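Please read all numbers here as calculations on a predicted model, not as lab measurements.
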Amino acid sequence: EGTENWKFVNDIAVNGNVVYAATSEGLFKYENNTLTALNETATNGVEVTSNGRVLAVIEKEVYLFKEDGSSVVLTTDEAGQLPKSDTYKIIAASPSDANYMYVSYLSKNNAGTGNIYMTTDQGETWTVAYTATDLYNIYGERGILDNAIAVYPNNPRKLLIGGQNLWVMRDEFGEGIFRMECISDGNGTQISQSGGAFFYNYKYVHSGIQAIAFNPNDVNEFFVGTEGGVFKGSYSSNGYLYEGVN
């Protein structure tokens, strides 16, 4: 009835018939027509692991909610754990292996690129997968708004990362050495339209990436939500190709 009942939804994750919503008023679980508050503090992101655990960014801390409903704060000052930081964080969980989760930090000014951390044991220990460097400024100056991470459905050590442009981060040999590669260009232009689809130079994806979703039936096809519309990406022997779909 009143404005006090409104909640800004920052992120949503779905696990079967269960929906999790990260909102300005907390983390909520919707199941069997029942809404339950898991936490009543502003929540920026939520992900569900393949075994049903819930990873969430609550204020500036990263939480893991276990199957029994208990939770643990993953950001601590202990060695081998996620470091405590007042910067913004983006999370992702592997759809194929519950052991793998990723947390990307923004830099100290809450905009640019910080370290990307990973766990291979469901959050028990963490290591740096990518060390921040001026060579690769993924998020630019709009990281709080333009950010997205999606782990490949068939490879827990390969991710798509969106900031100003689209990047792929992968560990080719499973040795913990990740390679970062920019796979889109936000400076392209439309070159044709056919059947309702807009075609651009092959690497063009509008700058400002805010969402990434894989086609559940084809790991080589994905969709990217940007400040300039939705783009479909595909991977083949010719590399990554894109077309505008909205």
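In this structure a side-chain-to-backbone donor-acceptor pair under 3.5 Å is present from T43 to T41. S24 contributes a side-chain N or O that, together with a main-chain N or O of F8, makes up a donor-acceptor pair within less than 3.5 Å. At least one donor-acceptor pair under 3.5 Å links the side chain of E47 to the backbone N or O of A93. In this structure, N44 contributes its side chain and A22 its backbone to no donor-acceptor pair below 3.5 Å. Between the side chain of D171 and the backbone N or O of G174 there is at least one donor-acceptor pair closer than 3.5 Å.
Geometrically, K158 engages Y235 in a cation-pi contact defined by less than 6.0 Å to the ring centre and at most 45° from the axis. Annotation: cation-pi geometry satisfied between K89 and Y105 (NZ/CZ under 6.0 angstrom from ring centroid, within 45° of ring axis).
When the side chains of ILVMFWY residues are joined at heavy-atom separations under 4.5 Å, either directly or via intervening members, I58 and Y88 end up in two distinct hydrophobic clusters. Grouping the Ile, Leu, Val, Met, Phe, Trp and Tyr side chains by contacts below 4.5 angstrom, directly or via other members, places I12 apart from L38.
Distance check: F231 CZ to H206 NE2 gives 7.0 Å after rounding to the nearest 0.5 Å. With values rounded to the nearest 0.5 angstrom, S107 atom OG is found 10.5 Å from N115 atom CG. A distance of 11.5 Å separates CG of L241 from CG of N220, quoted to the nearest 0.5 Å.
For residues 29-74, no pair satisfies ring pair (Phe, Tyr, Trp, His ring centres under 6.0 Å), with sequence neighbours left out.
Of all heavy-atom pairs spanning Y100 and T120, the tightest one is CE2-CG2, 3.4 Å. Considering all non-hydrogen atoms of both residues, N165 and S184 come closest at CB-OG, 3.5 Å. Between A150 and I212, the shortest heavy-atom contact is CB-CG2, 3.8 Å.
Partners of S94 by side chain to side chain donor-acceptor pair (under 3.5 Å), not counting sequence neighbours, listed by chain and number: S96. In terms of the ring pair (Phe, Tyr, Trp, His ring centres under 6.0 Å) criterion, residue partners of Y152 (sequence neighbours excluded) are, by chain and number, F214.
Note on ring orientation: taking the six-membered ring where Trp is involved, the planes of W167 and Y136 are perpendicular (angle over 60°, cut-offs 30° and 60°). Ring geometry for Y240 versus Y242: interplanar angle under 30°, hence parallel rather than tilted (30 to 60°).
A salt bridge does not link D185 with K203: every distance from a Lys NZ or Arg NE/NH1/NH2 to an Asp or Glu carboxylate oxygen is 4.0 Å or more. At a threshold of 4.0 Å, the pair R157-E172 does not count as salt-bridged, since none of the basic side-chain nitrogens sits closer than that to a carboxylate oxygen.
Screening I209, V224, I183, I149 for a side-chain contact (heavy atoms from CB on, under 4.5 Å) with L160, the sole residue that qualifies is I183.
By the neighbour-count criterion of 12 heavy atoms within 6.0 Å, atom CD of E40 is sparsely surrounded, having that number or fewer from other residues, nucleotides or ligands.
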